[in-house]
Amino acid sequence: AFAFMATLLKRHGQAVITELFGSFRLNIDLYVGLFLAFISSAFLIQSDNTVVIVLSSITFLVALALIARRIMRYFRRLLT
């Protein structure tokens, strides 16, 4: 999981930092959801331990809920 995140930050680090400081307060729920989804999916892919798989699955579902909430809020603003 660490190698995966390190590779992402190495390739796209400047864009990530620019986005985080540019609109971090407005989109914090989306960024937290995406971060949790990336981390938990990396643990799901690499783990054979049942406890880690269950905890990562729960974290992934929470991340999906955060992302879905943000998307619904976006479409409500778009349609009104």
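When a residue number appears, it is its place in the shown sequence, counting from 1.
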How many angstroms lie between atom CZ of Phe43 and atom CD1 of Ile53, to the nearest 0.5 angstrom?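 Reported to 0.5 Å precision, the distance equals 12.5 Å.
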Straight-line distance of Leu66 CG to Leu30 CG, nearest 0.5 Å: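 Between atom CG of Leu66 and atom CG of Leu30 there are 9.0 Å.
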Residues in side chain to side chain donor-acceptor pair (under 3.5 Å) contact with Arg69, at least two apart in sequence or another chain: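 Result, side chain to side chain donor-acceptor pair (under 3.5 Å) vs Arg69: none returned.
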For [X], all residues meeting side-chain contact (heavy atoms from CB on, under 4.5 Å), sequence neighbours excluded:
{"X": "Asn49", "value": "Ser47, Val51, Val52"}
{"X": "Ile71", "value": "Ile67, Phe75"}
{"X": "Phe35", "value": "Met5, Ile39"}
{"X": "Thr59", "value": "Leu36, Ser40"}

Hydrophobic cluster of Val54, others only, ordered by chain and residue number, side-chain cut-off 4.5 Å: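 Grouped by the 4.5 Å side-chain rule, Ile58 form the rest of the cluster around Val54.
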Show the nearest heavy-atom pair for residues Gly33 and Ala63, with the distance to one decimal.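 It is O-CB, 3.2 Å.
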